[in-house]
Each structure stands twice: as structure tokens, then as C-alpha cells.
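Ligands are counted one by one from 1 in listed order, and the atoms in each one are counted from 1 as well.
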Amino acid sequence: MPPHVAVVGSLNMDLVIRTPRFPSPGETIIGRDFHTIPGGKGANQAVAAARLGARVSMVGRVGDDGFGAQQLANLSGLGIDVSHIRRDPAAATGVALIAVDEGGQNSIILASGANMRLRPADVEAAEEAIASAAVLLLQLEVPLEAVERAVALARAHGVTVVLNPAPARELPPSLLRQVDFLIPNESETTLLTGVQVDDMEAARQAATRLRRAGVGTVILTLGERGALLVDRVQATHIPGFQVEVVDTTAAGDAFVGGFAVALAEKQSLMEAVRFANAAGALAVTRLGAQPSLPTRAEVEAFLSAVSSALKMSP
Ligand code: RIB
């Protein structure tokens, strides 16, 4: 039986332009190609988990419009349970304007639309889906009240809570205390702790501060340097993989989705982070959010190629 992962979060349509560089304020520049690509941190993590082998239920809101219909069709096509995604006639589906430069870095502006109308009552209506999951995945592109309700339900049913605090915002201590795994990147960690994460020692200090605030385990993602896992007993750096960067969009989502699947499969935490690092690395080699998310077979082939290369090196 595949493990069950529930996701409460956002669904956006990403309007992506590749550009030689980012414009300055007031400047118009000529970009390259344009793409309309399904995205949103919640939906991306749901797709990542489904491609990596989980049974996935998603809770969220889209508008009663073409982008919303496209998202629903796309997720159902991947076997994701969309019965808890409401079509909201009073708001548009979330849209993200994304510029991707030649180095693969991005800048994103979000119009949240229906995502910000997700209510605690929507989450309560999905209680059964949350209760039957091994892991609940959350991000911060939907209202905090909905996130808090989902966390409370998960805790009541003994479901493991994984929070990816993106985009960054301050979080109430009462929420942090209920999070089993917090997965921030460097800038999110800085916002949450006030510690500038510019080297491994600072990363360790910041993660320890989050642990002291009551988080169970902190997994601080460090881009191509991998991730720092800080739990009750130790801080362990799990190195990342060097790949050719095309677009970093959704690399974090691939990591989070991969980690959730491995965790739900009861892989060790070190193995789960390595698996997540591989999913994130593969995602940056392709353009866009959801189309860049790797399958289970791709991640396994990548990890076995890396192991073989290591064995062969002198
Ligand atoms: O994490 C990447 C995602 O952030 C994009 O797909 C975009 O929709 C924004 O939510």
C-alpha cells in the first residue's frame, strides 16, 4: 500500500518568462519565452509526493475559472484526490508572475486569489482525509487560521505534521510547538530567528533556536549544499548534489514532497533527507514548477548513479 500524504495549501497558475536578467524598478526589458505552468507551493508538494509514490489528498481553493479547471484536471490526472479542493466563484485562481534568469534564479510575485479564502471550515470538512494520512504537509500561502486548524486536526489524530514556512512570516509559538518537522530555507530561517544564515555554524545556531521554540526537528535547506538536520540529539549536515541549474522554481517543493514520502515510508531521517535532496536536485534541471518534479524511478536512478560514481572514484 502506498503511504498516504495529505496537503493543505495553495494552487497557482505560474506565468513564467525567461529573461536575460531581472529588470530594475521602472525598467522594461525584452524577455525570452513565455510559459503557463501549474504551480503553487501546496499543489507542487502534492504533485511531488504523488510522483514519488504516495497516495495524496489535497485541500485548497481555486477560482471558478479556466486556471482552476486546469489545476484540478492536472492533479486528478496524477491520481491526487481533489474532492477537498473547493471552486470559489467569488475569487480568481491564484496566479504567480515568475521571471527566471539565465542562472536559473527566479523572482516571484503572487496574487493569492482564492488561496487566501481557504477557511478553517474547509479544513474541517477534510478531517477524514487528514486523519487517515501518515503525514500532513503545510506551507504558508493560505491563511494561518486554516494552517492552525489543520495542525490541530493532525495532532488530534496522531498524524505527523511537516511545515514548510514559505513564504516566510512570523509564526505564533503555539503553532511552532505543534510542528514535528519544520523545513525552512536560509532566508525563511533568518526571518523566523533573526540569525543571518551565512555559514554552517549560523545555520546550526538558527536551527537550535527553532528547536528551543518547540519545533520537533528542523531541516534547514541550503540549496546545492544540501540540508542541515537538527533534532533532539544531533545536528547533521547531509550534502546535496551538483547539477546543471535550469530553473530553481519548486526545488524546495520537490524536497518537501520527497521528504514527506520517505518519512511516511519510515525511511531513516538521514535517508529521507538524502532522498529529498535528490528530488530537489532533479527539479532544478528542468524549467517550471510541476513539470520539473521528478518521478520515483528518476530519483532512484539518480541516487544509484551517484553511488556508482562514488564507488568508481579513486
Ligand atoms: O515554490 C514555487 C511556487 O511558489 C511557484 O509554483 C509559485 O506558484 C509560488 O507559489
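- Taking each of Met13, Gln139, Glu141 in turn, the one with a heavy atom nearest to atom 10 (O) of ligand 1 proves to be Glu141.
- Using a 4.5 Å heavy-atom cutoff, the side chains of Glu224 and Val284 are not in contact.
- Applying the 4.0 Å criterion to heavy atoms of Ala96 picks out, from ligand 1, the atoms 7 (C), 8 (O).
- The option with the heavy atom closest to atom 3 (C) of ligand 1, from among Asn12, Leu97, Asn44, is Asn44.
- Side chains of Gln267 and Glu265: a donor on one and an acceptor on the other come within 3.5 Å.
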Exercise. Hey, mind stepping through Val273 and Phe255 against side-chain contact (heavy atoms from CB on, under 4.5 Å) and telling me if it holds?
Worked result: CA-CA 8 Å; Val273 173; Phe255 182 100; 4.1 Å; yes
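- Nearest non-hydrogen protein atom to atom 4 (O) of ligand 1 is Lys41 NZ, 3.2 Å.
- Between Leu269 and Leu263, the closest side-chain pair of non-hydrogen atoms falls below 4.5 Å.
- The ligand atoms of ligand 1 that sit less than 4.0 angstrom from a heavy atom of Gly39 are 6 (O), 8 (O).
- For Ala289, no nitrogen or oxygen atom sits less than 3.5 Å from a nitrogen or oxygen atom of ligand 1, counting backbone and side chain alike.
- Interface atoms of ligand 1 facing Asp253, defined by a heavy-atom separation under 4.0 Å, are 1 (O), 2 (C).
- Residue contacts with ligand 1 leave out Ser10, since none of its heavy atoms falls under 4.0 Å from the ligand.
- Under the 4.5 Å side-chain criterion, counting only non-hydrogen atoms from C-beta, Pro167 is in contact with Lys41.
- Among residue pairs with one or both ends in residues 141-174, none qualify as ring-ring contact (aromatic ring centres under 6.0 Å, His included); sequence neighbours excluded.
- Residue-to-ligand polar distances place Asp14 within reach of ligand 1: an N/O pair is separated by less than 3.5 Å.
- Sequence neighbours left out, the pairs with a member in residues 293-313 that pass ring-ring contact (aromatic ring centres under 6.0 Å, His included) are Phe241-Phe302.
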